[in-house]
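See below for the structure under consideration.
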Amino acid sequence: MTQYPLPNNAADLTGDIAFVTGASSGLGRRFAQVIAASGATVVVTARRKAKLDQLVEEITAAGGRAVAIEMDVTDADSIFAAYQSAVDQVGVPTILINNAGIPDAQYATKMSVELIDSVIGTNLRGPFILASEFARRLIAEKRGGRIVNVASMAAFRYDGHGAALYSITKAAVVRMTAALSVEWARFNINVNAIAPGMFASEMMDGMLERMGDLAARTPRKRIGQPAQMDSTLLFLISPASEAVTGTTVQIDDGQSAK
Ligand SMILES: NC(=O)c1ccc[n+]([C@@H]2O[C@H](COP(=O)([O-])OP(=O)(O)OC[C@H]3O[C@@H](n4cnc5c(N)ncnc54)[C@H](OP(=O)(O)O)[C@@H]3O)[C@@H](O)[C@H]2O)c1
């Protein structure tokens, strides 16, 4: 039987290289900081390069290691180029946080084809292309890795107020997580997801503007803070969760059980 330390809860990511999408704001920004603080080198990606550069400065000032790479997740060539640039600059990524995402904020019948393509491209097509590129390289090098996809509680329920396609893409992310975990288990690439409820971010600012005081409708009368997801994120990418794959962890402060 394999021997594990007692307790087997190490979250030391020294030697890992993490590729984080949507790191220019909100949850992705926090995810990148947390992973860097745990010892990994972090590749922060998004379209707004100035915000990424600022994040790299902060991580570096705190003693971490990070590089910023501009990437549009709706553009496959941009994904391949950013991934290759990461490999060239810091080495082969061993952790992928597929976090970039956009809301639709619209009823299905009112959506333009451009908006439909953009929501599917950002929330599903891009993450699938990137996850496959990430795994392709690790499989070729016979190395394991960790993927965390950021889904949403909207994958499981929808209140009917203009986010049907968002809900559909996030349900697909949950299924993508399970399906890819099956395909890549034998290569020691674990694929899990986090499904957040309502957490403070730029996206949430937009929702609050559109829908009013959403905190008042929650059991704890609050919107979550990204830091409240730190421990779950670390669990899913650390050695301690080696046998956990194909799972979506719901973190919603009890919001949707109400
Ligand atoms: N906040 C919540 O309550 C909540 C709840 C459930 C799920 N989520 C999910 O959490 C993830 C992060 O969202 P957030 O709440 O942190 O919102 P956010 O602050 O708006 O962050 C979204 C991130 O995605 C990036 N992004 C958007 N389109 C992109 C594109 N085409 N190419 C590359 N990057 C792109 C943005 O960067 P650029 O604009 O610089 O490209 C930004 O960094 C999303 O997948 C979202 O669906 C959030």
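Note that this is a predicted model, so its numbers are computed, not measured. Only heavy atoms go into these numbers, but all of them, side chains included; no hydrogens, no water, no symmetry mates. Indexing begins at 1, ligand by ligand and atom by atom, following the structure's order.
- No side-chain donor from either of Ser238 and Arg146 sits under 3.5 Å from a side-chain acceptor of the other.
- Heavy-atom distances between Met207 and ligand 1 stay at or above 4.0 Å for every pair.
- Of all protein heavy atoms, the one lying nearest to atom 33 (C) of ligand 1 is Met71 O, 3.2 Å.
- The local environment of CD in Glu141 is crowded, with over 12 non-hydrogen atoms from other residues, nucleotides or ligands closer than 6.0 Å.
- Side chains of Ser85 and Gln89: a donor-acceptor N/O pair is present below 3.5 angstrom, by distance only.
- Put simply, the side chain of Asp53 never gets that close to the backbone of Ala68: no donor and acceptor are under 3.5 Å apart.
- Within ligand 1, the atoms closer than 4.0 Å to a non-hydrogen atom of Thr74 are 31 (N), numbered from 1 in the order shown.
- Summarising the local packing, CZ of Arg175 is surrounded by 12 or fewer heavy atoms from other residues, nucleotides or ligands at distances under 6.0 Å.
- Each of the atoms 7 (C), 9 (C) of ligand 1 lies under 4.0 Å from some heavy atom of Ala151.
- Of the protein's non-hydrogen atoms, Gly22 CA, 3.6 Å is the one closest to atom 25 (C) of ligand 1.
- Backbone and side-chain nitrogen or oxygen atoms of Leu27 are examined, and one is located within less than 3.5 angstrom of a nitrogen or oxygen of ligand 1.
- Residue Val73 has at least one nitrogen or oxygen atom sitting less than 3.5 Å from a nitrogen or oxygen atom of ligand 1, judged on distance alone.
- Regarding atom 39 (O) of ligand 1, its nearest protein heavy-atom neighbour is Arg47 NH2, 3.0 Å.
- Among protein heavy atoms, the minimum distance from atom 20 (O) of ligand 1 is reached at Met203 N, 3.4 Å.
- When the side chains of ILVMFWY residues are joined at heavy-atom separations under 4.5 Å, either directly or via intervening members, Ile147 and Val92 end up in a single hydrophobic cluster.
- Comment: Arg48 engages Glu202 in a salt bridge, judged by a side-chain N to carboxylate O separation of less than 4.0 angstrom.
- Proximity to Thr122 (heavy-atom distance under 4.0 Å) selects the following atoms of ligand 1: 28 (N).
- Using a 4.0 Å cut-off to heavy atoms of Ala100, the atoms of ligand 1 that qualify are 24 (O), 25 (C), 26 (N), 34 (N), 35 (C), 45 (O).
- Atoms of ligand 1 lying under 4.0 Å from at least one heavy atom of Asp72, given by number and element, are 30 (C), 31 (N), 32 (N).
- The hydrophobic cluster containing Val191 also contains Ile79, counting ILVMFWY residues as joined when their side-chain heavy atoms lie under 4.5 angstrom apart, directly or transitively.
- In this structure, the protein non-hydrogen atom closest to atom 19 (O) of ligand 1 is Ser25 OG, 2.8 Å.
- The protein heavy-atom contact nearest to atom 5 (C) of ligand 1 is Gly197 O, 2.9 Å.
- Selection from Phe31, Phe199, Tyr166 by nearest heavy atom to atom 47 (O) of ligand 1 gives Tyr166.
- Considering each of Gly26, Gly101, Ser201, Ala195, the one bringing a non-hydrogen atom nearest atom 22 (C) of ligand 1 is Gly101.
- Using a 4.0 Å heavy-atom cutoff, Gly121 is absent from the residues neighbouring ligand 1.
- Note: no N/O pair closer than 3.5 Å links Met153 and ligand 1 by distance alone.
- The backbone N or O of Lys221 sits less than 3.5 Å from a side-chain atom of Thr218, completing a donor-acceptor pair.
- Put simply, Phe31 and Tyr83 are part of two different groups of oily side chains (I, L, V, M, F, W, Y) that touch within less than 4.5 Å, one to the next.
- Defined by atom type and a distance below 3.5 Å, a donor-acceptor pair is present between the side-chain atoms of Thr177 and Asn149.
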Ser201/Arg30 under side-chain hydrogen bond (donor to acceptor under 3.5 Å, both in side chains): CA gap, chis, key distance, verdict: CA-CA 10 Å; Ser201 74; Arg30 176 77 189 187; over 6 Å; no

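- With respect to atom 43 (O) of ligand 1, the closest heavy atom belonging to the protein is Ser24 OG, 2.8 Å.
- Arg186 places a side-chain N or O within donor-acceptor distance of the main-chain N or O of Glu183, the cut-off being under 3.5 Å.
- Proximity to Met198 (heavy-atom distance under 4.0 Å) selects the following atoms of ligand 1: 3 (O).
- A heavy-atom separation below 4.0 Å is not found between Thr21 and ligand 1.
- The CG atom of Asn123 sits 10.0 Å away from the CE atom of Met176 when rounded to the nearest 0.5 Å.
- Protein heavy atom nearest atom 45 (O) of ligand 1, with residue, atom name and distance: Asn99 O, 2.7 Å.
- For ligand 1, the atoms closer than 4.0 angstrom to any heavy atom of Ile102 are 27 (C), 28 (N).
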